[in-house]
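Comments concern the structure below.
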Amino acid sequence: MEMNQYLSMFIDESRDHLQAMNEHLLSLENSPEDVSIVQHIFRSAHTLKGMSATMGFEDLASLTHEMENVLDLVRNHKLQMDSFIFDCIFKSLDALEMMVEDIIQGGTGKADVTDIVSALKSIVSGDYLKNGSAAGASGSAAAKADKAGGNKELDEFQYSILQQSIEAGIPVFRIEVTIRQECVLKAARAYMVFNVLEQNGEVIQSTPSVEDIEQERFEQSFTVYYISQLAQDQLASQIAGVSEIDKVDVVLLDRSKLDELMKAPEPAPAQSKPAASEASASRPETPKPEAKKAAGGGAPVAGRTIRVDIERLDTLMNLFSELLIDRVRLEQLASEIRRSDLTETVEHMARVSGDLQNIVLKLRMVPIDSVFNRFPRMIRDVAKTLDKKVDLIITGADTELDRTVIDEIGDPLVHLLRNAVDHGIEPVAERVQIGKPETGTIYLRAYHSGNHVFIEIEEDGRGINRDKVISKAIQNGVITAEQSGKLSDEDVYQLLFASGFSTADKISDISGRGVGLDVVKTKIESLGGQVHVSANWGKGTKFTVQLPLTLSIISAMLIRLADEKYAIPLSSIVETMAVKSDQIRVVHGSTLINYRSSVIPLVHLAQLFDVPGFTGEPAAEIQIVVIRKGDKMAALIVDEFIGQQEIVLKSLGKYLTNLFAVSGATILGDGQVALIIDTNALIK
């Protein structure tokens, strides 16, 4: 079977399942007795195993199968979770992520996981307890109990679930499915049957086991025990609708029939595993008939989301940008021709394209949760390595950002969070000694404000020692002793972002190598953002990252410099104004201007960019644009304000890179190209 067409789907779904398992495992670590969480992890592991086996990634499927064996004992109350088991499953997830990453890079997904597999097998057998590596329920007893139940179709746990369902009035079925003799892909047909079943109810047990069915280790038939609200004939017809199914035998079970089946010996292979969808230990999970009715006739509700290739979204954005350029051109023509019917049509087109613009932009917006969701696991591992206790509290994970920004922001946030645990949060003994709770807290927040998204990382640790930062900066030659006395707190904290700067007393694997914060600042500024620091010595530190909402379509002020047009992003503009030339001052070679009881630098853009047509003749009155970067401001001299406009940001390609004060270009309605000014580069 040709599998390449399914590879991207496999990769996306594998990532989703691995992330879900990580999140649920973290929850289980806080509530080890909650078997319902184990059920979620088991389902994800089971689905991932089936997908991997189908795609031919045997190492992935094998490791997931060993994980499944451990989880199966836990969810059936035959094994209790302990620190050794948690660490072992976390390592398994790391290995699975590494294997999936290898597949993404074009590899085969193979890896040497012998040690992890051995550890998982020792948990199932109970041998890991003999070495005193952990304390918990007897694994060997669990393994024996598991084998002891293999002489019947149902073990006591599964029987209990079905019994409770019958008592609750929920229909229970025993379904025997026979596949045609000439069928080539038996496992694929069985998978389609299970897909039908899992959309309409809960599969409790299958004979042969699900892994045997997936590997085509069965004859022509298999049996499942099933809970569903569907009628018996409707269930039979849906299964019979799958291609190459020869026969479907659906039996509605009552208490007496169920008891008879428990007494009967089972001729099929001894060991069996529940299928991907599993009821909880306390009571069966009742299907929701309301959702079925909404879809009509008991059919499952259709998925409300679809996966779209990123390149298609980029193509859509490029096509829309062409449409936007033509719209502006039409608006210009309509204003020149002045025909009412043309004007009305263009106005309607402007409204429709405006709505389309909002939809296209929203399509590119991704919840920042896709970045945040990997941090709880990372914080857990770093805290454990450093022997610290840390709580990570995340708020605003549903805040949306442009996909382009999302792709780039992950690594800077990783640096900031690792620094927060290493440099910020004190060791447990130190926290207790100074009267703080032994568990430190890191707050990770995201929220919208205007055309920007703010991400805050705040911790209740030791804060930043201003004197130590200044001393280190002087020692490294970043500043002089004379300059240090004039620095504000914000200026001192910004010294942390100097290249190679570190206040760590010793180098560790976590931080303190003199790399990290300078990379963070460079990356954030390359995205058009800024990073600010505030701290309170002894109480904590807060890093605030400010990012643009989108990098594709921005509001800008079009200006003229001599014979050329330029665009300045509105998000950088404080105000525009006209000033008299006698307000300009030249101090020590720097041109300055009085602005609202302060003095700010004045930049002559046409002269700076050496614009064709620039004469340099002074005018009695000049037009200026006041721009801001953090707390600093500057004024730019322009020749004419053309007006505000929505513009599409285009890169300048591979040949025009690292241009000073230019972040890209846009095509105007009349076909001219206008360069977009990077105002951050103009403020020092």
Side-chain angles (χ1 to χ4, degrees), residues 31 33-43 46 71-80 142 145-146 148-177 193-194 196-207 209-210 222-239 248-266 268 271-295 297-301:
S31 309
E33 302 300 323
D34 191 345
V35 178
S36 65
I37 301 175
V38 184
Q39 303 284 15
H40 290 301
I41 302 170
F42 182 88
R43 290 177 194 178
H46 181 79
L71 294 168
D72 193 39
L73 293 175
V74 176
R75 70 190 186 131
N76 287 330
H77 303 283
K78 297 172 183 174
L79 182 69
Q80 287 184 341
D146 195 39
N151 62 344
K152 300 184 181 71
E153 280 194 350
L154 297 167
D155 64 23
E156 291 181 6
F157 173 69
Q158 294 154 355
Y159 169 76
S160 174
I161 290 174
L162 298 176
Q163 181 184 359
Q164 290 177 50
S165 300
I166 292 171
E167 289 172 358
I170 303 168
V172 172
F173 301 96
R174 182 182 184 276
I175 305 169
E176 187 170 352
V177 180
V193 171
F194 276 102
V196 168
L197 294 173
E198 288 170 4
Q199 287 179 349
N200 295 289
E202 295 286 338
V203 176
I204 300 304
Q205 196 264 0
S206 73
T207 306
S209 64
V210 176
F222 57 90
T223 305
V224 296
Y225 285 83
Y226 184 61
I227 299 172
S228 176
Q229 295 283 12
L230 284 185
Q232 187 173 351
D233 56 348
Q234 191 177 5
L235 188 56
S237 65
Q238 286 201 15
I239 297 170
V248 180
D249 184 17
V250 181
V251 177
L252 179 63
L253 299 179
D254 55 21
R255 182 67 182 271
S256 61
K257 288 180 181 176
L258 185 63
D259 289 341
E260 284 176 25
L261 289 166
M262 273 300 285
K263 294 172 187 173
E266 201 235 299
Q271 288 193 354
S272 63
K273 299 280 180 189
S277 193
E278 183 70 28
S280 71
S282 57
R283 62 178 178 83
E285 191 175 311
T286 308
K288 298 174 178 59
E290 308 84 53
K292 308 274 190 293
K293 287 175 186 173
V301 179

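Below, each value reflects all heavy atoms present in this structure, side chains not excepted, and no hydrogens, waters or symmetry copies. Computed from a predicted structure; not experimentally measured.
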Sole candidate of Asn76, Asp72, Leu71 that passes side chain to side chain contact (heavy atoms under 4.5 Å, CB included) when paired with Val38:
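So, applying the side chain to side chain contact (heavy atoms under 4.5 Å, CB included) to Val38 and each of Asn76, Asp72, Leu71, only Leu71 qualifies.
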Of Val203, Ile239, Asp249, Val251, the one forming a side chain to side chain contact (heavy atoms under 4.5 Å, CB included) with Ile175 is Ile239
Return the [atom1] to [atom2] distance between [X] and [Y], rounded to the nearest 0.5 Å.
X	Y	atom1	atom2	result
Gln205	Arg174	CD	CZ	9.5 Å
Leu235	Ser228	CG	OG	6.0 Å
Glu33	His77	CD	NE2	9.5 Å

Evaluate the ring planes of Phe222 and Phe194, with Trp represented by its six-membered ring, and classify them as parallel (under 30°), tilted (30 to 60°) or perpendicular (over 60°).
parallel
Mind checking what makes side chain to side chain donor-acceptor pair (under 3.5 Å) contact with Asp34, not counting sequence neighbours?
Ser36
Please list, chain by chain and in numerical order, all residues satisfying salt bridge (charged side-chain N to carboxylate O under 4.0 Å, His left out) with Glu167, sequence neighbours excluded.
Arg255
Between Tyr226 (side chain only) and Leu197 (backbone N and O only), is there a donor and an acceptor less than 3.5 Å apart?
yes
Do Ile227 and Leu162 have side chains that approach each other closer than 4.5 Å (heavy atoms only, starting at C-beta)?
yes
Contact check, side chains of Leu230 and Gln238, non-hydrogen atoms, under 4.5 Å
yes
